Protein chains: 2
Amino acid sequence: MATKEEHILLHAEQIIATQGYNGTSVRDIAAKAKVNISMISYYFGSKEKLMEALFKWRMDSGIHFAQEILENPDYSEVEKIELILYNYVNRVKKLKNFYLIMQTQQVISQNKIINDLLKNYRLRYIQLLQLLIESGQEKGIFKNNPNLFFIHTTLTGTLFNAINGMQLYKDFADDEVSKLSEAKFKDYYFENLFIHLKSLLKNLLGYENK
Amino acid sequence: MATKEEHILLHAEQIIATQGYNGTSVRDIAAKAKVNISMISYYFGSKEKLMEALFKWRMDSGIHFAQEILENPDYSEVEKIELILYNYVNRVKKLKNFYLIMQTQQVISQNKIINDLLKNYRLRYIQLLQLLIESGQEKGIFKNNPNLFFIHTTLTGTLFNAINGMQLYKDFADDEVSKLSEAKFKDYYFENLFIHLKSLLKNLLGYENK
DNA sequence: ATAAAAATCAAACAAATGTTTGATTGAATT
DNA sequence: AATTCAATCAAACATTTGTTTGATTTTTAT
C-alpha cells in the first residue's frame, strides 16, 4: 500500500478509536491527517471503504506468526501456547487503537466485509488453539479438557477489556507504579496482564511449569 | 419512572444495541417505539439525555443483590462468590442488549455522566470482590493471592465477549445443540458460560469444590 | 360541563453529513 | 518544451441530523 493511504489510515485509526466510526466524520479524519476532505473519496472511494481498508490492512499480518510457531517442531506445546499468547498480548499492546475499533465493530458493524473478516479472524484463532490443545492432550502435557470456545472467549475478552481498564488500574496501583511514565506503565501493565493470562491458561489446560 | 418513558427506553435500547448510539437517529428510535419524533425531546430533553436516562435506569438495580449476598452470614465465601457470579451471568443474559451498549460506550463514550456511571460500576464491583476475597483468604478458604484487578477484567471481559460469540458458538456445537430453539440455546450457552467462569474463579482463587 | 394540563402531531429549522465537481497545481513522460 | 497523468483544492450537492415550533388532541381536575 502506498504511503499516503497509510498516512490517512493511521490518523483515521486514532480518531475512530476514540470517537467510534459513526462518531467520526470524514472532515474529522481529513483534519487529523491534514489532507483535503475529497482525498478520502479519492484514495478509498468512500468512508465505508476506508474502514474496510483499515481492517484489511491491520488484520493481514495477524495470524502468520502464530501459524509459524505452531508448525515449528523445536517447541513443546507449553512453549508454543505461551509464545502465541505472548505475541497476541504484544500485538494488542502495539495496535491498541485498532483493537479498540475491533471491539466496537464486533458489536455494531453492519458491513459484510468487516463482519466476515472478524468472523474469520476468530475462527482461525480458535482452530489454531484447537490443534495445539489436542496435540498437547495426546502427549499428556495438558491434563484437562476445557471448553475450547470459552477459552478463546476468555483470552480475547480479557485482552480487549484490559485495554479499557488501563487508566483505572493506575488508581489501584501503589505509589511506585502510578509514578511511572506513560510508556513504562504500559510495559508494566501488559507484562502483568501476560502473567495473568498465562496463569489462566495453565489452570484451564492443566499443565505444570517448565 | 413512568411507563411511557420506559417504553421508549426499551425500544431505544434494542436499536442502539445493534446500531450503536451514533448510528441510531432519534427518528430510528421514534419509529421503533412508534411515537412522534418530538416525544424524545419532550420526555428526555435530548438524544444524549435519553442515553443517560437509559444508563441510570439499567445500572440502578445492579449491585444491590451482590451487596446483600456479601453481608449475609449464612453463606460461606465460596458460596457467596459463586452466587454473585451466577447473578452477574444472569443479569448479562437478561440485559444482553444493554451490556452490548455498555461494551461500546466503555470504549467511545464522551459523555461525562455515562463515563462516571461506568467507572463507579467497575469500582464498586472490584471493591466488592476485594472484600470477599480478603475475607476468604483470612479464613484460609482461598489459597491463592491473584491480581484482583485482572480477575475482574477476566470475568467482565469474558462475559462481555461471550455475548458477541453466541452465534459463532452454534457453528461449533454438535447437531443436538444447534437444533435447540433460540431460548433453549441461550439457556444452554449461559449455563456453560457460568460453569467456565466458575472454574476460572476456582483456579484463580485456589479453593476446593464444596 | 368547563377549564387546565399533559400529550401528540406535522412541519420547519439550522447544522452537519458523505460525496462529487471542476478548476488548478505538481510531477513524470515524451 | 509540450503533454500527459496524478494529486490537491475550495465550493457546492443533496440527505440526514437533532431540535423546536405552534397547533391540536387527549386526559385530568374542578
Side-chain angles (χ1 to χ4, degrees), chain A residues 1-57 101 104-105 107-115, chain B residues 1-57 97 101 104-105 107-115 117:
Chain A
M1 179 172 294
T3 177
K4 197 58 178 275
E5 272 132 321
E6 277 186 353
H7 169 84
I8 294 173
L9 286 181
L10 218 49
H11 287 89
E13 185 182 49
Q14 277 183 50
I15 197 160
I16 292 173
T18 53
Q19 303 186 353
Y21 172 74
N22 286 313
T24 305
S25 68
V26 293
R27 281 167 182 81
D28 289 338
I29 297 170
K32 181 109 191 161
K34 291 185 179 172
V35 297
N36 189 278
I37 316 164
S38 59
M39 290 297 100
I40 271 86
S41 297
Y42 182 74
Y43 281 110
F44 299 100
S46 67
K47 185 194 175 188
E48 199 177 0
K49 281 181 188 156
L50 176 145
M51 191 69 162
E52 292 168 10
L54 175 64
F55 269 78
K56 283 173 188 159
W57 181 48
I101 298 174
T104 61
Q105 290 304 300
V107 178
I108 63 166
S109 171
Q110 321 258 6
N111 181 297
K112 180 156 173 30
I113 291 179
I114 290 175
N115 284 340
Chain B
M1 181 173 293
T3 178
K4 196 56 177 279
E5 273 130 320
E6 278 187 354
H7 169 84
I8 294 173
L9 286 181
L10 218 48
H11 287 89
E13 184 181 51
Q14 277 183 49
I15 198 160
I16 292 174
T18 53
Q19 304 185 353
Y21 173 74
N22 286 315
T24 305
S25 68
V26 292
R27 281 168 183 81
D28 289 338
I29 297 170
K32 182 108 191 162
K34 291 184 178 171
V35 298
N36 188 277
I37 316 165
S38 59
M39 289 299 99
I40 273 85
S41 297
Y42 182 74
Y43 281 111
F44 300 99
S46 68
K47 185 193 174 190
E48 199 176 359
K49 280 182 189 156
L50 176 144
M51 190 70 162
E52 292 167 10
L54 175 63
F55 269 77
K56 282 173 189 159
W57 182 47
N97 282 330
I101 297 174
T104 61
Q105 290 304 301
V107 178
I108 63 167
S109 171
Q110 321 259 6
N111 181 297
K112 181 158 172 28
I113 291 177
I114 290 176
N115 284 340
L117 281 171

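By convention in this document, chain letters (A, B, ...) are assigned in the order of the sequence lines, proteins followed by strands, and residues within each chain are numbered from 1. Atom set for the values below is all heavy atoms of this structure, side chains included, hydrogens, waters and symmetry mates excluded. Being a predicted model, the structure only gives us computed values, none of them experimental.
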Self-check item: Side chains of A/Tyr21 and A/Ile114 in contact at under 4.5 Å (non-hydrogen atoms)
Solution: no

Self-check item: Nucleotide C/dG18, atom P - distance to CG of B/Asn22 in whole Å
Solution: 11 Å

Practice problem: Calculate the interatomic distance between B/Phe44 atom CZ and C/dT8 atom P; express it in whole Å. | Solution: 12 Å

Quiz item: When the distance from OH of B/Tyr42 to P of C/dA5 is rounded to whole Å, what number comes out?
Solution: 13 Å

Quiz item: Minimum heavy-atom separation for A/Leu9 to A/Leu50, with atom names?
Solution: CD2-O, 3.7 Å

Quiz prompt | Proximal nucleotide (of C/dG18, C/dT19, C/dA12) relative to the B/Arg27 side chain | solution = C/dA12

Exercise. Using whole Å, report how far CD of B/Glu5 lies from C1' of C/dA7.
Key: 12 Å

Self-check item: Heavy-atom closest pair, residues B/Ile101 and B/Thr104
Solution: O-OG1, 2.9 Å

Quiz prompt | Residue closer to the 5' end of DNA chain C, A/Asn36 versus A/Gly23 (nearest nucleotide) | solution = A/Gly23

Quiz prompt | Interatomic distance, A/Tyr21 OH vs C/dT17 P [rounded to whole Å] | solution = 13 Å

Quiz prompt | Distance in angstrom units between A/Ile29 CD1 and C/dT19 P, rounded | solution = 10 Å

Self-check item: Residue pair B/Met51 / B/Gln105, side-chain heavy-atom distance below 4.5 Å
Solution: yes

Practice problem: Tell me what B/Ser38 touches on the nucleic acid: a base, only sugar-phosphate, or nothing, going by heavy atoms under 4.0 Å. | Solution: base

Quiz item: So which heavy atom on A/Ile15 is nearest to which on A/Ile29, and how close?
Solution: CG2-CG1, 4.1 Å

Exercise. Would you please say whether a donor-acceptor pair under 3.5 Å links the side chains of A/Asn111 and A/Ser109?
Key: no

Quiz item: Starting at NZ of B/Lys47 and ending at P of C/dA16, how long is that distance when rounded to a whole Å?
Solution: 15 Å

Quiz item: With a non-hydrogen cut-off below 4.0 angstrom, is A/Ser25 in contact with a base, only sugar-phosphate, or nothing?
Solution: sugar-phosphate

Practice problem: May I ask you to say what B/Ile37 touches in the nucleic acid, namely base, sugar-phosphate or nothing, with a heavy-atom cut-off under 4.0 Å? | Solution: base

Practice problem: Would you mind reading off the distance between A/Gln19 atom CD and C/dT17 atom C1', rounded to a whole angstrom? | Solution: 14 Å

Quiz item: What's the shortest heavy-atom distance between B/Gln110 and B/Asn115, and which atoms?
Solution: C-ND2, 4.1 Å

Quiz prompt | Span of DNA chain D in contact with chain B (heavy atoms, under 4.0 Å) | solution = D/dT17 to D/dT21

